[in-house]
Amino acid sequence: MIPMLFARFVSRVEEVLNDWKLIGNNSNKPPEKGEYTSGTWEEKTQDINFADFKFSVTHHCLKQESEEGEGKEEPEEDAFPTAMQDLLCMNNDFPPRAHCLVRWYGMREFVVISPGANCEAVISESKCNLLLSSISISLANTGCQVPMFVQIQQKWRRMYHGECQGLGVRTDFEMVHLRKVPSQYNHLSGLLDIFKSKIGCPLTPLPPINIAIRFTYVLQDWQQYSWPQQPPDFDALLGGEVGGVEFGKLPFGACEDPISELHLATTWPHLTEGIVVDNDVYSDLDPLQAPHWSVRVRKADSPTCLLGDFLTEFFKLCSKKESTEEILGRGPVEEEGKDDISHALSKLTEPTAVPIPKLSVSNMVHSARKRIRRHRRVDESPLSNDVLNSILLYLFPDAAIDKSSSENSESKNLYNQLKSAPSDSLTYRLALCVCLVNFYHGGVRAVAHLWQEFVLEMRYRWENNYLVYGLASGPPDLRCCLLHQKLQMLNCCIERKRARDDGRKTAEGGKEKERERGRERKVSGTTGTENGRLGPESAEMGREVSPGKSWDSWSDSEDEFFECLSDTEEMKEAGSTDGEKGGAKVAKPDGRLHPHGKLTLLNSQEPLYIPVTQEPAPMTEDLLEEQSEVLAKLGTSAEGAHLRARMQSACLLSDMESFKAANPGCTLEDFVRWYSPRDYVEEEVVDENGDTVVRGDLSARMKIPGNMWMEAWATAKTTPARRQRRLFDDTKEAEKVLHYLAVQKPADLTRHLLPCILHAAILKEKEEESVEDILSVRKAIQQATSHASKLLRHPSPDYKKLEDVITQLIAVETVIARSRSLKAKFGIGKAEQGDNAEDLERFVSSLLEEPEVSVIGAGRGPAGSIIHKLFVSAQRVNQSNEVTDDKKPMGGASVPDFPPPAGREILLRTCVPRPAPYSKALPQRLFCVLMREDFRLAGAFSSDTSFF
């Protein structure tokens, strides 16, 4: 049974080698220096079974670009396999990043057979020999010259045995692994003895042995160079004395040193046995005399970074489900509120002289705020009064800071990409405040408290006609996040309400108007009055002075009653004026803005006036989506289409009524000439007198029976904009916005503000990167920005993927922190560096990008001198600590500049005939690793199979 399973296994191995086309000798050019590190390694894996035991076969190969025709010539008959040639190649000794077999044997191509993922290790000697026999037979049967290895013992030991076969030659790969270094082999002299005895060369004298040595020293103590990151002042943060500039900044940097160790590798690449002495008594291997130095840094695993912690904690709020009321509680307030509600009707109906403003919603809200603060004990409030006042001063510095925008084009483009908000906006500052109070002042409870106060502030500003600071004027910007749009909508409502209230006060008389001017209020009305109200002439003057103001502020809504008296009086005055004229009703123009060029009405020679019209209602993206759904639900029937057209033509109807009021006796053609000139077609014709005249007519689409424009014109009344029903009910819309804000949970608020926080984090990292100037960081920021933009533009972002964006930003912060740590340790930026500053900056940048960096000039160069000082300082500190612990004087003993090497690697190579003096001279190699708790010998010993 066993022979049959063995034969099947060998056959399966041969099949894999044939499939991968590893048959024969593919001779390639020798690898270039450093190619094992900079080149691309390819891997192919396939599973095979020995009975029910699974093995994984992996082919490792360095991808090399060969010239046309190169490598395809027939190799010489006695040419060594490529792997044997690589054993003697010195271009890639001690590669910093490669497979362990590449480091130990210097090969560019090999195959490894290892136990499967869930299979036990091959430990018994019989199983090991069985596997080695199978690969030996497979190589012989297929003629494959690629070395094959089998992994034996436990995986953590990295034990491999293998074989490589060529024409008349064979190389056996053997390995020894111990936990402790035998004393007789703890130096070069003892290792040379092992190597000589193993190759057993009969020649006298023995051919020279080439030696390459690398000692690695580890620097772990950085006491002499303190970590440059200054921790934030937690006590001063959000204190009463904190200004808005400092408060608006996100923290940045690592809280611990992100560079944990520095590894210095001193290398002697070309030595021979007689040049250097290294035994148990004396050693010539002084690291300062090593001709080649190289350095690598070990980075701390996931160092704590300030910005990363802020983003992570903020993102965790997205998963909270509690509402603001559930978090803060409402017990005492509700009990007191019951009494107020029970007596509400009696207070309204009592015949007492109660001023109307005392019963406003604003006063009730602020009395509620006082009750909340009165019943909530000081220790229960997540945010103290000082902190809360600092936040509100930062969010609403209405009188202290100029409202001019400081955004540059790059920042503007960024908020458009991320769908966040401008960096000088209220929404952006609110996001920073929420992030800070969440991290420093109690988490979700502090966020809920801040949001409750913010909503009350919004209510107060609406009730008292105070514009919300930090929002651009105009309709909601659909490029921003929804919360920013809602706040802009509230501002639009406040603007409309102020314009309407100011206009009404202006119409009350000259005294009121002078009082308003004294308060330096902006009045959307005009200066001229006629019998206590605005006349049409003064209206025209006002519009010419301030064309950006809309006259819909003069109109009244069905829900409001305060303008009924003035309307009645105006109608009486108009009636009395008509009666004075003998009862003949003459249409009087109203609501004119200014003449429309030189155009005149078609039916008279009166100038055609552009009317004062209502501005269209501003809308946020959720309202637009809601409106689209309503219109879509009307269906495609004739009745549905007609109803949809009427809903969409509300603004058109309002403009038609305004036009009729401004131009008595006008026609639809006159309106089209102003409103849609392309739909009025003019052409030259010859009249009955033979003269060429220009005549116009409506376009074809305007003449379609049942045309929406004709129907709207027929139903439009002669009503100026100030007398029309408002297209935009600011009271209703403001209450909708305030209700929307009030019902937002902390998690909802976090999701609204997440784009702004990511925006702020990216701006912060761009600012920090501009100081460090790291190319890889710039690319990483661009990738994170692009990734975030794709996710945030989606109506329902994938928050799992947004967490990946935060991870990218944390990685960027870590790289910048590492750069600063290395620059501080190498003294970059100090004046004494002089001409070496640029070389040191390049050296530090390379340490961040590359796995290992060569030190120019070794220990005598500028970087080498600094590294030497670092080790010397660490040695002095360690020595003083040891003396303190042992309580012994230092005496006259000198402290070595370097600690004992953490690892020693010795590579021995030669080319000798083996096993007989008349055999071919073949490459022999022994790689030795000596560490405190690890001793490894990896040997490749070649022998002649033809002449032995």
Side-chain angles (χ1 to χ4, degrees), residues 524-528 530 534-555 574 585-616 645 648-724 727:
S524 63
T526 55
T527 56
E530 181 179 324
L534 282 180
E537 294 81 9
S538 61
E540 289 181 36
M541 294 172 58
R543 289 297 293 183
E544 289 174 3
V545 172
S546 180
K549 293 292 183 180
S550 169
W551 278 56
D552 65 339
S553 58
W554 284 83
S555 64
K585 291 187 177 180
V586 179
K588 187 177 181 181
D590 195 0
R592 288 178 169 178
L593 183 58
H594 57 76
H596 186 35
K598 296 182 179 180
L599 292 181
T600 59
L601 299 179
L602 295 176
N603 294 338
S604 67
Q605 294 303 315
E606 288 291 325
L608 189 151
Y609 281 87
I610 295 178
V612 175
T613 59
Q614 295 194 59
E615 293 181 5
Q648 293 175 321
S649 63
C651 185
L652 175 66
L653 181 63
S654 171
D655 293 342
M656 285 182 172
E657 292 182 345
S658 301
F659 188 83
K660 282 186 175 183
N663 299 279
C666 63
T667 62
L668 177 60
E669 286 79 359
D670 293 319
F671 177 76
V672 172
R673 289 164 67 201
W674 163 63
Y675 205 84
S676 181
R678 292 184 178 181
D679 285 309
Y680 188 76
V681 182
E682 293 183 335
E683 58 183 358
E684 295 182 352
V685 297
V686 179
D687 61 4
E688 56 272 9
N689 297 327
D691 298 329
T692 301
V693 294
V694 177
R695 291 182 181 176
D697 197 4
L698 294 176
S699 63
R701 77 183 186 101
M702 287 292 180
K703 295 179 180 180
I704 298 174
N707 184 285
M708 179 184 67
W709 289 60
M710 290 185 176
E711 290 185 1
W713 183 260
T715 57
K717 301 176 182 178
T718 304
T719 308
R722 62 192 178 91
R723 293 299 173 197
Q724 296 173 8
L727 292 176

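Of the residues Asn603, Leu602, Asp679, the one that meets the side-chain contact (heavy atoms from CB on, under 4.5 Å) test with Glu669 is Leu602.
Heavy atoms only, all atoms of each residue included: Trp674 and Leu608 are closest at CB-CD2, 4.2 Å. The two residues Ala721 and Val612 make their nearest non-hydrogen contact at CB-O, 3.2 Å. Between Trp713 and Thr667, the shortest heavy-atom contact is CZ2-C, 3.3 Å. Ala661 approaches Pro720 most closely through the heavy-atom pair CB-N, 3.5 Å.
A distance of 12.5 Å separates OG1 in Thr613 from CD in Glu657, rounded to the nearest 0.5 Å. Note that OH of Tyr609 is 13.0 Å distant from CG of Asp590, once rounded to the nearest 0.5 Å. A distance of 11.5 Å separates OG in Ser654 from CD in Glu615, rounded to the nearest 0.5 Å. From Asn663, atom CG reaches atom CD1 of Ile610 across 9.5 Å, with rounding to the nearest 0.5 Å.
Looking at Gln724 and Ser658, their side chains come closer than 4.5 Å, going by heavy atoms from C-beta outward. Using a 4.5 Å heavy-atom cutoff, the side chains of Trp709 and Met656 are in contact. Side-chain contact between Met708 and Leu652: present, with at least one pair of heavy atoms (C-beta onward) separated by less than 4.5 Å. With contacts defined as side-chain heavy-atom distances shorter than 4.5 Å, the pair Pro664/Lys588 does not qualify. Looking at Arg701 and Ser676, their side chains come closer than 4.5 Å, going by heavy atoms from C-beta outward. Using a 4.5 Å heavy-atom cutoff, the side chains of Asp670 and Arg673 are in contact. Lys703 has its side chain within reach of Asp697: a pair of non-hydrogen atoms, C-beta onward, lies under 4.5 Å apart. Cys666 is listed as a side-chain neighbour of Phe659, based on a closest heavy-atom distance under 4.5 Å.
In this structure, Tyr675 and Phe671 have parallel ring planes: the angle between them is below the 30° cut-off, well short of the 60° mark.
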